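Just the heavy atoms: all of them, side chains too, but no hydrogens, waters or symmetry mates, feed the values below. A note on names: the letters A, B, ... follow the listed sequences, proteins ahead of strands, and every chain is numbered from 1. The structure displayed is predicted, hence computed values, not measured ones.
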2 protein chains.
Amino acid sequence: MASALERSKALFIRRWGEMGGYWGISRTMAELHALMYTSAEPLCTDDIMEQLQISRGNTSMSLRQLVDWGLVARAHRRGDRKAYFACETDVWEMFQCIATERKRREVQPIVETIRRCREMVEQELENLGPEETETAQVYLRRLDAMQSFLNAILELLTLTLRGGGDGLSMLAALLTQLNEPPTAK
Amino acid sequence: MASALERSKALFIRRWGEMGGYWGISRTMAELHALMYTSAEPLCTDDIMEQLQISRGNTSMSLRQLVDWGLVARAHRRGDRKAYFACETDVWEMFQCIATERKRREVQPIVETIRRCREMVEQELENLGPEETETAQVYLRRLDAMQSFLNAILELLTLTLRGGGDGLSMLAALLTQLNEPPTAK
DNA sequence: CATTTGTTTCAGACTATTCTGAAGCAACGA
DNA sequence: TCGTTGCTTCAGAATAGTCTGAAACAAATG
C-alpha cells in the first residue's frame with residue numbers, strides 16, 4: 001500500500017493536470033510540472049517516466065517545453081551523465097514566467113491584430129453611406145475599448161512583475177485598504 | 001468583393017478564435033463571441049450559422065455556453081418568435097464574468113484539493129523516519145506556498161471586481177504612481 | 001389538434017491533439 | 001574506433017475534442 005505522502009502527491013498531480021487542461025496546457029505537461037513541484041530533489045527522465053507512466057519521447061518533449069517556459073531548469077550531477085530537472089519553486093516567479101510568456105505569445109498578437117483591423121476600416125470610412133458609417137463607428141468603438149482593456153492588463157502585469165516577487169501580495173494588501181475606507185462614506 | 005469593414009471583422013473574429021484555443025476555450029465558441037462583439041445588432045441563430053459557416057446544433061450549443069458564462073444575453077423582438085443574442089459589450093464586465101466563473105470552476109477546486117493533500121500528510125507525519133520527515137516537510141511547505149498564492153489571487157480578483165467596472169484601470173493608474181516615484185531614490 | 005416555426009439534443013463522423021516507440025544523434029570512455 | 005549511455009525526433013497510433021445533421025421537442029398559430 002502506498003504511503004499517505006505518495007497518495008497525497010498523486011492527488012495533487014492529478015488535480016494540477018486537470019487544471020492545466022482548462023488553461024490550454026496539455027494534461028501531461030501540467031502533471032510533469034506538478035510532479036517536479038512536489039519533489040524535494042531534481043528528477044531524471046527515468047524517474048518521471050516511471051512515476052507518470054509515460055513514454056520517453058513524451059517526457060523529453062514535455063520537459064523541453066517546460067524549460068522553454070522557464071518553469072523548469074536542467075541540472076547535472078558530478079560524475080553522472082544523466083540530466084536532472086528541477087522546478088522553479090517560488091510561486092511568484094512561476095507566475096511571472098507564465099504571465100510573461102502568455103503576454104508575449106498571446107496578448108501582443110491580438111493587440112497588433114486590433115490595430116490592423118482599425119486601420120482597415122478607417123481607410124474606408126469616408127466612402128460609406130450614413131447607415132454603414134454608424135455600424136462602422138460602433139465597431140470601431142468596440143475595438144478601441146478592447147484595445148484599451150488589453151493595454152491596461154499588459155501594463156498592470158508589467159508593473160506588478162517588475163515590482164519583484166511579492167508585488168502581487170503587496171497589491172492585494174493595497175486593494176484591501178482601497179476597498180475598506182469607502183464603506184465609511 | 002467583401003467590404004473593408006467585413007474583412008476587418010473577419011480578421012478580428014479569426015484571431016479571437018485562435019486566442020480562445022490557447023486559453024482552453026473552443027475556437028468556435030470564441031469566434032461566436034467575437035462575431036457578436038463586433039456586431040452592432042443582436043444576431044439570430046441563422047445569422048450566426050451563415051457568417052461562421054457552422055451547423056445549427058453547434059450554434060445552439062455554443063450559444064448556450066456563452067449564456068452560461070454570462071457573456072451573452074438572449075433578446076427577443078416584438079412579433080418575432082426567433083431568439084436573438086447580444087454580447088456583453090463592456091470589456092470590464094466581460095472580464096468580470098470570465099474571472100468569476102474561472103475562479104469558481106477552476107481555482108476553488110484546486111485550493112480545496114491542496115487542503116486535502118495537506119491533511120493526508122499531516123496525519124502520517126509522526127510515524128515517519130527522519131529522512132522521510134524532511135521530504136514531507138518540503139512538500140508541505142510547497143503546498144502552503146501554492147495555497148497562499150492562490151488565495152492571494154482569489155482575494156485580488158474579488159477586491160478588484162467588487163470595485164466596479166473600472167476597478168482595474170484605476171488600479172493600473174495607481175500602480176504606475178507606485179512604480180514611478182522610486183526612480184527618484 | 002394538426003401545422004408551422006424555431007430550438008435543443010445527441011450518436012456518430014470528423015478533426016486535432018497528444019502519445020508512443022523505435023531510429024537517429026551526440027557525447028563519452030575503453 | 002567501437003560500444004555504451006542518454007537524449008531527441010518524428011511518423012504513425014491512440015485519444016480527446018469538436019461538429020454535423022436529423023430526430024425530438026416546444027411553443028405558437030390556424
Side-chain angles (χ1 to χ4, degrees), chain A residues 13-36 41-69 72-86 105-106, chain B residues 13-36 41-69 72-86 105-106:
Chain A
I13 291 167
R14 203 171 333 122
R15 179 66 101 195
W16 198 254
E18 271 171 37
M19 209 194 45
Y22 293 132
W23 290 87
I25 287 154
S26 89
R27 193 180 46 71
T28 300
M29 201 174 126
E31 286 191 349
L32 221 150
H33 179 248
L35 172 61
M36 303 222 278
E41 299 296 323
L43 300 171
C44 71
T45 309
D46 297 81
D47 295 335
I48 297 165
M49 285 170 62
E50 193 198 321
Q51 299 224 32
L52 300 183
Q53 290 289 307
I54 59 176
S55 73
R56 184 170 300 279
N58 194 3
T59 306
S60 173
M61 293 300 231
S62 298
L63 277 172
R64 176 223 278 274
Q65 284 197 75
L66 286 169
V67 171
D68 284 350
W69 278 76
V72 161
R74 270 192 151 69
H76 289 278
R77 286 188 188 169
R78 224 149 261 312
D80 185 345
R81 281 168 55 193
K82 279 212 284 291
Y84 288 79
F85 295 88
R105 299 188 197 186
E106 292 143 30
Chain B
I13 291 167
R14 205 172 329 124
R15 181 64 103 196
W16 198 253
E18 270 170 38
M19 208 195 45
Y22 293 130
W23 289 86
I25 286 153
S26 89
R27 193 182 46 74
T28 300
M29 201 173 126
E31 285 191 349
L32 221 149
H33 180 248
L35 172 62
M36 303 222 278
E41 298 296 323
L43 300 172
C44 71
T45 308
D46 298 81
D47 295 335
I48 296 165
M49 286 170 61
E50 194 198 321
Q51 299 224 32
L52 299 183
Q53 291 289 307
I54 59 176
S55 73
R56 186 171 298 281
N58 194 2
T59 306
S60 173
M61 293 299 231
S62 299
L63 278 171
R64 176 225 277 273
Q65 285 199 76
L66 286 169
V67 171
D68 284 350
W69 278 76
V72 160
R74 274 194 148 68
H76 289 278
R77 286 189 186 166
R78 234 160 246 306
D80 185 345
R81 282 167 55 190
K82 279 211 285 290
Y84 288 78
F85 295 87
R105 300 187 196 186
E106 293 143 28

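- Scanning all heavy atoms of the two residues, the minimum distance from B:Gly20 to B:Ala30 falls at CA-CB, 3.9 Å.
- Between the CD1 atom of B:Ile25 and the P atom of D:dT18 there is a distance of 11 Å, given to the nearest Å.
- Rounded to a whole Å, the CG atom of A:Leu43 is 17 Å from the C1' atom of D:dC7.
- Cation-pi contact between B:Arg74 and B:Phe85: absent, since separation from the ring centre below 6.0 Å together with deviation from the ring axis within 45° is not met.
- The distance from atom CZ of B:Phe85 to atom P of C:dT8 is 6 Å, rounded to the nearest whole Å.
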**Request:** Please test B:Asp46 against B:Arg56 for salt bridge (charged side-chain N to carboxylate O under 4.0 Å, His left out), starting from the C-alpha separation and ending with a verdict.
**Result:** CA-CA 8 Å; B:Asp46 298 81; B:Arg56 186 171 298 281; 3.0 Å; yes
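- If you take CG of A:Asp80 and C1' of C:dC28, they are 13 Å apart, rounded to a whole angstrom.
- Side-chain proximity of B:Lys82 to the nucleotides C:dT7, C:dT18, C:dA27 is greatest for C:dT7.
- Atom-to-atom, CZ of B:Arg27 to P of C:dA16 comes out at 8 Å; the value is rounded to the nearest Å.
- For the pair A:Met29 CE and C:dT18 P, the interatomic distance rounds to 10 Å; values are reported in whole Å.
- In terms of heavy atoms, A:Leu66 sits closest to A:Leu32 at CD1-CD2, 3.9 Å.
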**Request:** Under the salt bridge (charged side-chain N to carboxylate O under 4.0 Å, His left out) rule, what do B:Glu31 and B:Arg27 come out as? Steps first, then yes or no, please.
**Result:** CA-CA 6 Å; B:Glu31 285 191 349; B:Arg27 193 182 46 74; 3.1 Å; yes
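- The phosphate of C:dT7 (OP1 or OP2) has a side-chain N or O of B:Thr45 nearer than 4.0 angstrom.
- One interatomic measurement links the two molecules: OH of A:Tyr22 to P of D:dA16, which rounds to 14 Å at whole-angstrom precision.
- Because its NZ or CZ atom is both nearer than 6.0 Å to the ring centre of B:Trp69 and within 45° of the ring axis, B:Arg105 counts as a cation-pi partner of that residue.
- In the region residues 47-67 of chain B, proximity to DNA chain D at under 4.0 angstrom, judged on heavy atoms, holds for B:Gln53, B:Ile54, B:Ser55, B:Gly57, B:Asn58.
- Taking the side chain of A:Arg74 as heavy atoms from C-beta on, and the options C:dT7, D:dA28, D:dC7, the nearest nucleotide is D:dC7.
- Counting only heavy atoms from C-beta on, A:Thr28 has its side chain closest to C:dC19 among C:dA27, C:dT4, C:dC19.
- In this structure, the CZ atom of A:Arg77 is 13 Å from the P atom of D:dG6, given to the nearest Å.
- For A:Tyr84, the OH atom is densely surrounded, since the number of other residues' heavy atoms within 6.0 Å is greater than 12.
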